[in-house]
Amino acid sequence: MGLVGYRLSLDGVILRCSVCGAAYEPDPWLFFCPRCGGVFDVVLEEPRVTRGFRGRGVWRYSELIPVKTQPVTMNEGGTPLIPVPRLAEESGVGAELYVKYEGANPTGSFKDRGMTVAVSLARALGVRRAAAASTGNTAASAAAYTARAGIGLTLVLPAGKVAKGKLGQSILHGARILEVEGGFDEALSVVVESVKRYGYYPLNSFNAWRLEGQKTIAFEVYEEIGVPDYVIVPVGNGGNISAIWKGFKELLEAGLIDKLPRMIGVQAAGAAPLADAFLQGLDHPLFKDHPETRATAIRIGKPINWAKAMRAVRESGGVFVKVSDEEIMKAQRMLARLEGIGAEPAGAAGAAALARLAAQGLLEKGERAVIVVTGHALKDPEAMMEAPTETLHAGSVEEAVKLLGLH
Ligand code: F0G
């Protein structure tokens, strides 16, 4: 019970280790399996049969979200599903394509879906101080939601590696920032240690309750177009792809759907521990010490949710794909210039994989695919400015008018 007495119930679920399968009571302070150190899935003990969803956004699906408390919410979720026929044609893809535009969330990324659940839980637990490591979007989202909840937040960020928009949001919302030399993987290990030693409440995706909010991407897609043949997701830590897969499986268990999509995980070539393992037919990730990519949001070498993400792809009959930074930047421009959709580089990774997937015989005519665009273009202003453009300059009105006449 929190200081101001928010009710909380976590009934009807168990925590199951994603690595060894051991099951535990739903202790909200248990994040790692005491047996093997793996992260958990929150598993519903029985399929939930819904009486019909009500309201909008993430909490429209509250019957399927096991955290029962007063939510800390900004009406996150309910993002647009946008047909992208020009992108499909230009990428040589026969399938009907849609973009699920997660940039339309309150802080500009899909993280808000998870943060509303994790921060609601934290507030109900009476948490005073939370922490998160981040490549930037988790930071921005955690900063906004903890501000709303009146919870103190410390962000552990890889020094010099967070895009300007995200850093600005973290500062604006009043988080305390600890920059650490190294990458995201080092920053995350600092947070894990801070949870164990000092009792900070973690808002990273190893907190499985957060992923319970992110699974609502699946519910929204289902309500709008049914079950697509493919869902294409940029992968860093592997939390989001596993959350979306979990969402579809819960719809199946509830008897609302009778088939499942194939999950396509996309990684940047310089930060592809899961795609590399997949391409070599391995069951274990090939962790990477110095990941590097222009898509800084997914610059991750040791994804903490590796077991869940690999299972999502394997169980669904999907694939992992690697894309180069050039392909990512090109896809960002295609989304922007063919479809009007502004994505940050990592958010465009799914679109960057289209041509490669088509070359593998996937995304055929008669099929449907949803590309999850995970973050807004405004997150990374420098990346936007790298796009080729024609800027004219005139010293006077007269000269400006003359220049227009020449074009
Ligand atoms: N796309 C964007 C824009 C992201 O910010 C992230 C993750 C991902 C994709 C990958 O999602 O980790 O669930 O596989 N960003 C984290 C952060 C790591 O700190 O903001 P994932």
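Both counts, for ligands and for their atoms, begin at 1 and track the order of listing. Remember, it's a predicted structure, so these values are computed and weren't measured experimentally.
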Sub-4.0 Å atoms of ligand 1 with respect to non-hydrogen atoms of V235: 14 (O)
For atom 12 (O) of ligand 1, the closest protein heavy atom turns out to be N237 N, 2.7 Å
Can you confirm whether D258 is buried at CG, in the sense that more than 12 heavy atoms of other residues, nucleotides or ligands lie under 6.0 Å from that atom? no
Show which atoms of ligand 1 fall inside a sub-4.0 Å distance from at least one heavy-atom site of I300. 18 (C)
Starting from atom 5 (O) of ligand 1, locate the nearest protein heavy atom and write down its residue, its atom name and how far away it is, to 0.1 Å. N137 ND2, 2.8 Å
Do the side chain of E223 and the main chain of E220 share a donor and acceptor less than 3.5 angstrom apart? no
A quick test of your reading: do over 12 heavy atoms of other residues, nucleotides or ligands sit less than 6.0 Å from CD of E46? no
Tell me, which pairs form a side chain to side chain donor-acceptor pair (under 3.5 Å) where one or both residues lie in residues 84-96, sequence neighbours left out? E96-Y98
What is the nearest protein non-hydrogen atom to atom 10 (C) of ligand 1, stated with its residue, atom name and distance? G236 N, 3.4 Å
Sub-4.0 Å atoms of ligand 1 with respect to non-hydrogen atoms of T135: 15 (N), 16 (C), 17 (C), 18 (C), 19 (O), 20 (O)
R294: which residues meet the side chain to side chain donor-acceptor pair (under 3.5 Å) condition with it, sequence neighbours left out? D380, E386
Can you confirm whether the side chains of N137 and E344 place a donor and an acceptor under 3.5 Å from each other? yes
In this structure, are over 12 heavy atoms from other groups packed under 6.0 Å from K259 atom NZ? yes
Specify side chain, backbone, both or neither for E344, according to which of its non-hydrogen atoms lie closer than 4.0 Å to ligand 1. side chain
Salt bridge (charged side-chain N to carboxylate O under 4.0 Å, His left out) between K246 and D41, intermediate numbers included: CA-CA 9 Å; K246 184 173 195 284; D41 273 310; 5.8 Å; no
Candidate with minimal heavy-atom separation from atom 8 (C) of ligand 1, of I298, T138, I241, T374: I298
Could you tell me the residue and atom name of the protein heavy atom closest to atom 11 (O) of ligand 1, and the distance to it rounded to 0.1 Å? F110 CZ, 3.5 Å
Is R129 positioned over the aromatic face of Y200, cation under 6.0 angstrom from the ring centre and no more than 45 degrees off axis? yes
Can you tell me which residue and heavy atom of the protein come closest to atom 4 (C) of ligand 1, and the distance to 0.1 Å? A297 CB, 3.6 Å
So is G238 touching ligand 1 or not, going by heavy atoms under 4.0 Å? yes
What protein heavy atom sits nearest atom 13 (O) of ligand 1, and how far away is it? N240 N, 2.8 Å
To check your reading of the model: name the closest protein heavy atom to atom 19 (O) of ligand 1, its residue, and the distance in Å. S134 OG, 2.7 Å
How about F40 and F206: are their ring centres within less than 6.0 Å of each other? no
At a non-hydrogen distance cut-off of under 4.0 Å, which region of K111 contacts ligand 1 (side chain, backbone, both, or neither)? side chain
Proximal ligand 1 atoms for G239, defined as those under 4.0 Å from one of its heavy atoms: 13 (O), 14 (O), 21 (P)
